[in-house]
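Just so you know, these numbers come straight off a predicted model, no measurement behind them. Residues take their numbers from the sequence shown, with the count starting at 1. Only this structure's heavy atoms are used, side chains among them; waters, hydrogens and symmetry mates stay out.
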Amino acid sequence: MTAPLGEATEITGPIAAKLFASSSTSDADFFLIVRVFSPDMKEVVFQGAIDPHTPVAQGWLRASHRKLDRKLSLPYRPYHTHDKKQPLKKGEVVELDIEIWPTSIVVPAGYRVALTIRGKDYEYGGPSGGRLSNFKNELTGCGPFLHDDPADRPPEIFGGTTTLHFGGGRSSYLMLPIIPEKQPEKRGAKKKVAKKKAAKIKKR
């Protein structure tokens, strides 16, 4: 989590993260959530397509699908091939490049930006968003799209201990698209340029 921002900050565009992790089992799921908190540490959420408590941005990756397409990947948009499963070895540290969906927000001064890394879906800490009659689950920040099917996430594989590794030459990061504030044009700047152009034309 950042310190309180000293000025209003625009975040607009794609987001990416790099992590180094190991697991006690042969696979692990990573859920990354970019969040914004007010000065009194209340999370700022938005009305999503369905869920009324949607965070700023989210990204997901299953460690065994970490293989990248080097030609298609960009620093701000890792592109995974999903054509070869790469199981984890117990305790082995692997490098993970994770795409987080694009966003656009101006974070006010005094607010904080945070990254949460989880082994399961994001859950909003405030009141429930309710339950629609045709949904199996309550709305808790991810709408109806949850990753909780035991057939896809057997506990003997996805219930292990996952460790994040920092330092020792491992540079983990979150890449945010910060848009610099437009500087107001100085009065008379356009007139000066116009005069210079006119002078050149006269000389010719």
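In this structure D29 satisfies the salt bridge (Lys or Arg N to Asp or Glu O under 4.0 Å) test together with R62, R153, sequence neighbours excluded. Partners of Y124 according to the ring pair (Phe, Tyr, Trp, His ring centres under 6.0 Å) rule, which considers only residues two or more places apart in sequence or in another chain, are H53. The salt bridge (Lys or Arg N to Asp or Glu O under 4.0 Å) test applied to D83 returns K67, not counting sequence neighbours.
Donor-acceptor pairing under 3.5 Å is recorded for the side chains of H82 and H65. Remark: the E138 side chain and the T140 side chain contain no N/O donor-acceptor pair separated by less than 3.5 Å. Side-chain atoms of T81 and D69 form no donor-acceptor pair, as typed in the model, at a separation below 3.5 Å.
S24 approaches T161 most closely through the heavy-atom pair OG-N, 2.8 Å. In terms of heavy-atom proximity, G130 sits nearest to S128 at N-OG, 2.9 Å. Nearest heavy atom pair, residue R35 against residue I33, reads CG-CG2, 3.5 Å. Scanning both residues, D51 and G143, for their nearest heavy atoms gives OD2-N, 3.0 Å. Taking every heavy atom of both residues into account, L96 and A21 meet most closely at CD1-CB, 4.1 Å. Of all non-hydrogen atoms in T54 and Q47, the two that sit nearest each other are OG1-C, 4.4 Å.
Using a 4.5 Å heavy-atom cutoff, the side chains of V34 and T103 are not in contact. Annotation: side chain of Y122 is in contact with side chain of P55 (closest heavy-atom distance under 4.5 Å). A heavy-atom distance below 4.5 Å is found between the side chains of H80 and L61. Residues S73 and D97 have side chains not in contact (no heavy-atom distance under 4.5 Å, counting atoms from C-beta outward). Residues I15 and P102 are not in side-chain contact: their nearest non-hydrogen atoms beyond the backbone lie 4.5 Å or more apart. Using a 4.5 Å heavy-atom cutoff, the side chains of Q58 and C142 are in contact. Contact of the I98 side chain with the F30 side chain is registered, since non-hydrogen atoms from C-beta on lie closer than 4.5 Å. Using a 4.5 Å heavy-atom cutoff, the side chains of F31 and H147 are in contact.
Put simply, NZ on K71 and CG on L68 are 14.5 Å apart, with the number rounded to the nearest 0.5 Å. Expressed to the nearest 0.5 Å, how far CZ of F37 lies from CZ of R112 amounts to 10.0 Å. To the nearest 0.5 angstrom, L115 atom CG is 8.5 Å from L176 atom CG. In this structure, F166 CZ and S172 OG are separated by 5.0 Å, a value rounded to the nearest 0.5 Å. Separation of atoms CD (E156) and OG (S26) is listed at 9.0 Å; rounding is to 0.5 Å.
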Given side chain to side chain contact (heavy atoms under 4.5 Å, CB included), test Y111 with V44 step by step and report yes or no. CA-CA 10 Å; Y111 282 57; V44 178; 3.8 Å; yes
Hey, mind stepping through T9 and V106 against side chain to side chain contact (heavy atoms under 4.5 Å, CB included) and telling me if it holds? CA-CA 5 Å; T9 302; V106 176; over 6 Å; no
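In this structure, R66 contributes its side chain and Q86 its backbone to a donor-acceptor pair below 3.5 Å. Of the possible donor and acceptor atoms, none in the side chain of D121 sits under 3.5 Å from a partner among the backbone N and O of L146. In this structure, the side chain of T12 does not engage the main chain of S104 through any donor-acceptor pair within 3.5 Å.
Hydrophobic clustering of Ile, Leu, Val, Met, Phe, Trp and Tyr side chains at less than 4.5 Å, counting indirect connections, keeps W101 apart from L32. Clustering ILVMFWY residues whenever any of their side-chain heavy atoms sit less than 4.5 angstrom apart, transitively, puts L19 in the very cluster that holds V94. There is no path of hydrophobic side-chain contacts, each under 4.5 Å, that joins V93 to L88. One hydrophobic cluster holds both I100 and I105 under the rule that ILVMFWY side chains link at heavy-atom gaps under 4.5 Å. Linking ILVMFWY side-chain heavy atoms closer than 4.5 Å, directly or via other members, places I179 and L5 in two distinct hydrophobic clusters.
Of the options E92, H165, K90, a side-chain hydrogen bond (donor to acceptor under 3.5 Å, both in side chains) to S22 is made by H165 and by none of the others.
Under 4.0 Å is where a charged nitrogen must lie from a carboxylate oxygen, and between K18 and E95 at least one such pair does.
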